[in-house]
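Working notes for the structure below.
Keep in mind that the numbers below use all heavy atoms, side chains included, and drop hydrogens, waters and symmetry copies. Note that the numbering runs from 1 along the sequence shown for the chain.
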Amino acid sequence: MTYKSRLWGTVAALAFMGGGQAFAQEETPSDGVLVVTGTRGQPRTVTESAAPIDVVSGDQLEKMGGATSLRDVLTQLVPSFQAQTVASSSWDSLARPAGLRGLGGAHVLVLVNGKRRHNSALINLSSFSMSSGSNPVDLDLIPNGAIRSIEVLRDGASAQYGSDAIAGVINITLKEDDSGQLVLNAGQRYKWHDRSDGETYSFDLYKGFKLGDAGFLSLTVAGRDQSRTVRNSTHTEQLYFRVNGQPDPRETTVDRNWLVKGGLPRTSSINMIANAGYDFGGVEAYATGTLGYRDATIGQGFRKPNSNQNILQVHPDGFAPDYTLSEKDFQFLAGVRSEAGPWSWDLSSTFGRNFDTHGSQNSLNASLGPLSPTEFTTFTSAFNQWTTNFDVTRDLELGFAKPLTLAFGLEHRWENFKTVPKDEAAYRNGGYIYPANYGGLVGQAAQVGAQGAITLHPSDAADLSRNSYAAYIDLATNITDPWFVNAAGRFEHYDDSSGDVFSGKLSTRYEIMDGVALRATVSNGFRAPSLSQIGFAQTSTQIFVVNGVIQPIDSKTVKTDSPVGIALGAQPLKPEKSLNLSAGLSLTPLPGFSVTADAYRIELRDRILLSSFLTGAGVNAILATNGFQPYSVRYFTNALDTNTQGVDVVATYNTRLGDLGSLRLSAAFNYNKTKIHKLAANPPQLSGLNVTMFNRQQQGFITDNTPTTKLVLSGDWSLGGLSVNLRETRYGKIDYIQSAAVNDQHFSAKWITDLDVSYKLTESTTVAVGANNLFNVYPDLMTLVNTIGTGNYAANSPFGFYGGYYYGRLSVKF
């Protein structure tokens, strides 16, 4: 079935799906936006909340430009949220690592209408990833056009919402009105050298309906098509075998600038969401359904004609393979809620599934010789999650200044992670030996495995399931008018080795005087090892820095309970544990002007990460014993304890300028620094192998891979039908730490400018033009020797290394 036929077939299927709204967000004239995240009681304004919360409106999402994904929107608008840009790293280039307060997506709980969103089957495997080996929620699968607002709780909330809310909670609330809107975006990257690329076209279509006087139905469909963006350097190595001892004449004629296809991927996607609710005379039924497809082609490094990764009869001039991904995702939620006297109750159940087919094209398995296929389906991965909640609340008059809100509930969650190897030709060793007249490779064995692919051997397959049972209680009240207190406790039981845990949280807010309040929280958290961290294994090619030179090296990730893992000292994974402390100040000194400042500390123990790549004769001997060729090997381990400290400061000012319109100004600053408190000791099995379990480079990925500081300044000015949105973001300096200090890379701070200008042609039609990274800023160049043609810019740049993007937008309301 073609992509287009799937797209329109899915649109038709969506017409039969239901949707739902778990809670609503309102606005008040003077107190600002009301939020419900972080409390089970009455909604509170951002400045009245006992914990720091950022709110992103649907209008802000629309003004972010056609090139911007939801995780990029949060990166640009929320001070302590950071998405990483990873180039040509299979699916990490697509479902990019992101997180809050220096922690990864595995430590952030995502809710849609207050209900848990299912995780992706795509695993953050990049060395730069903040979510090493976990499979976080993919935010980009939720259509922007369906979103009314996003509430980002920047505080530990495991006791309130679940074990993976160590760094915070992202709650996405959906529209439920009967309006209609179509938004069209088109744009491309600024020209780089002699060409432009990254052309992107997208649409968001929303329509809401009233169902009599007691219900609603809203439907959203969004599509996106993005071409490749390539920022590679020049390949300088010898490509062809010598002819009679002399360089092949083709060495001087080949275009070496475009051999590598790595960069941002080509993607096509269609995502839909339906949201509905109906009040049956005191009993409200609600439902939400999402459905999505995504196809991606991600360019990989160049395989030279004269390398043992190639067969000249298949690719006489070498080749740059593509990693391919076909993704299907859905979730369906249904629930009912009502009141019984003073009690309010809510029963809901939701099932989500993410299924991915992985492959490679324009490739080969050189060990199969000239008859090797050039296209492979390497494996499939799936994640399933079924969550059922029963929540009860009521207010109790106990003589405090305000009623005590009592909330309690139960949760059951079942989850499953599965990987299945597919084409045997992708991993099979065909035993091909290069024959006579084959240059310097005569008599040598060709490399095993599909190039530009993630391959799984049968022994790598995984099929893991577990259940989690939880009960919580939440108490909140104003003991006196100025003093608010919130206490929560949660007990969870996992039926696998993760065991039992109790999480607690205590929050308080004290209003010293009108417009001035202090707030503080203390909580502990718990995160069970992801099923993907327990069960995922794979083989691929990784880019390393060896003696100051960038090189591709064959690598293998093994399970902790595999023979190779056990022989190299792997141990069963333990849960991560956290202690969160925060204290802050909120000020509203003038109408329309507010400031919040919050300091925090997150102590994370037994943090699960990928080990360093283990190499050498001893490792190769263990691999040979288990039937594998030489590889660099790594596995997941409780590698270290970290302490993360930081400060968030957010200020906003809204004012009318008389005949000059209205102005909204905001400034957001984040300081975040992670330090390693304790490193796990090397296991005894590694003592004689001369390898390091967690080397200097791996430690640098934790401590220096993201900016210590981030400042976002923005202004939104409106006059009549004209609106101008200008944003300046300063990303602090970053370091790319290497195994040897002499190879360390240091990159300076950069300012990024985004501009969006829109004009209302009519009451219903708005046009806009804009640019992300208006002045086409790039990160600093690396100084490492690069002969293989990969990108020369800071690979861990927080704003990417693809330059500016300009776009146009048309919005029609109906």
Side-chain angles (χ1 to χ4, degrees), residues 25-35 45-49 52-65 68 72-79 81 144 147-152 181 183 514-516 585-597 648-670 710-730 751-775 806-809 811 813:
Q25 175 179 302
E26 309 169 39
E27 289 193 9
T28 63
S30 58
D31 294 336
V33 178
L34 295 177
V35 295
T45 67
V46 170
T47 53
E48 289 176 345
S49 172
I53 296 178
D54 296 299
V55 179
V56 178
S57 68
D59 288 341
Q60 287 175 290
L61 289 177
E62 185 180 328
K63 293 178 180 179
M64 297 302 292
T68 307
D72 286 328
V73 170
L74 295 177
T75 294
Q76 295 174 15
L77 297 180
V78 177
F81 185 92
N144 287 2
I147 299 173
R148 177 167 54 183
S149 66
I150 304 173
E151 300 172 7
V152 181
Q181 184 176 25
V183 179
D514 287 345
V516 181
L585 172 71
S586 66
L587 303 172
T588 52
L590 299 170
F593 180 48
S594 66
V595 180
T596 62
D648 287 323
V649 181
V650 179
T652 61
Y653 180 59
N654 297 280
T655 185
R656 300 287 305 178
L657 302 176
D659 293 339
L660 296 178
S662 61
L663 179 66
R664 174 183 172 86
L665 300 173
S666 67
F669 173 78
N670 172 251
K710 177 180 166 187
L711 174 65
V712 183
L713 305 173
S714 64
D716 194 342
W717 173 70
S718 298
L719 175 64
L722 178 65
S723 178
V724 179
N725 184 275
L726 176 66
R727 184 174 54 257
E728 287 282 350
T729 305
R730 183 188 185 275
W751 285 91
I752 305 298
T753 304
D754 302 317
L755 177 66
D756 185 276
V757 180
S758 63
Y759 185 75
K760 270 191 174 184
L761 297 177
T762 68
E763 238 356 88
S764 60
T765 304
T766 302
V767 295
V769 294
N772 297 331
N773 193 355
L774 178 65
F775 298 112
Y806 59 92
Y807 60 85
R809 182 175 69 251
S811 174
K813 295 182 178 180

**Fill in**
When rounded to the nearest 0.5 Å, the distance separating CG of Asn725 from CG of Asp716 is 4.5 Å

**Message:** Testing the basics here: between Asn670 and Pro79, what is the closest heavy-atom pair and its distance to 0.1 Å?
**Reply:** CB-O, 3.4 Å

**Complete:** In short, Leu719 meets Gly661 closest at the heavy-atom pair CD1-N, 3.6 Å

**Prompt:** When rounded to the nearest 0.5 angstrom, what distance separates CD in Gln60 from CZ in Arg664?
**Reply:** 6.0 Å

**Item:** Student check: side-chain heavy atoms of Asn773 and Thr753 closer than 4.5 Å
**Value:** no

**Message:** Taking the side chain as everything from C-beta on, heavy atoms only, tell me whether Leu755 gets closer than 4.5 Å to Val724.
**Reply:** yes

**Request:** Using the test side-chain contact (heavy atoms from CB on, under 4.5 Å), find all partners of Thr655 that sit at least two apart in sequence or belong to another chain.
**Result:** Tyr653, Leu657, Leu663

**Prompt:** Would Ser811 and Gln181 count as having a side-chain donor-acceptor pair, cut-off 3.5 Å?
**Reply:** yes

**Request:** Decide yes or no for Ile752 and Leu774: does some side-chain heavy atom of the first lie under 4.5 Å from some side-chain heavy atom of the second?
**Result:** no

**Request:** Kindly indicate whether the side chain of Asp54, heavy atoms from C-beta on, has any atom under 4.5 Å from the side chain of Leu77.
**Result:** no

**Asked** Any side-chain heavy atom of Arg727 sitting closer than 4.5 Å to one from Val712?
**Response** yes

**Item:** Rounded distance [0.5 Å steps], CG in Asp59 versus OG in Ser149
**Value:** 11.0 Å

**Prompt:** Taking atom CD of Gln76 and atom CG of Leu74, what is their separation to the nearest 0.5 Å?
**Reply:** 10.0 Å

**Asked** With Ser594, which residues qualify under side-chain hydrogen bond (donor to acceptor under 3.5 Å, both in side chains), at least two apart?
**Response** Thr652

**Request:** Kindly indicate whether the side chain of Arg809, heavy atoms from C-beta on, has any atom under 4.5 Å from the side chain of Val183.
**Result:** yes

**Complete:** Output for pair (Ser57 OG, Arg148 CZ), nearest 0.5 Å, gives 12.0 Å

**Message:** With heavy-atom distances below 4.5 Å as the criterion, would you say the side chains of Val757 and Leu722 are in contact?
**Reply:** yes

**Request:** Could you walk me through whether Lys710 and Phe669 pass side chain to side chain contact (heavy atoms under 4.5 Å, CB included), step by step?
**Result:** CA-CA 6 Å; Lys710 177 180 166 187; Phe669 173 78; over 6 Å; no

**Complete:** Hits for side-chain contact (heavy atoms from CB on, under 4.5 Å) against Leu761, two or more places apart or cross-chain, chain-then-number order -> Tyr759, Thr765, Val767

**Prompt:** Does the side chain of Tyr806 come under 3.5 Å of the side chain of Asn772 through a donor N or O and an acceptor N or O?
**Reply:** no

**Complete:** Scanning both residues in full, the closest heavy-atom pair of Leu665 with Gly715 reads CD2-CA, 3.9 Å

**Prompt:** Does a donor on one side chain and an acceptor on the other come within less than 3.5 Å for Ser714 and Ser666?
**Reply:** yes

**Prompt:** Could you go step by step and tell me if Trp717 and Leu726 meet the side chain to side chain contact (heavy atoms under 4.5 Å, CB included) rule?
**Reply:** CA-CA 9 Å; Trp717 173 70; Leu726 176 66; over 6 Å; no

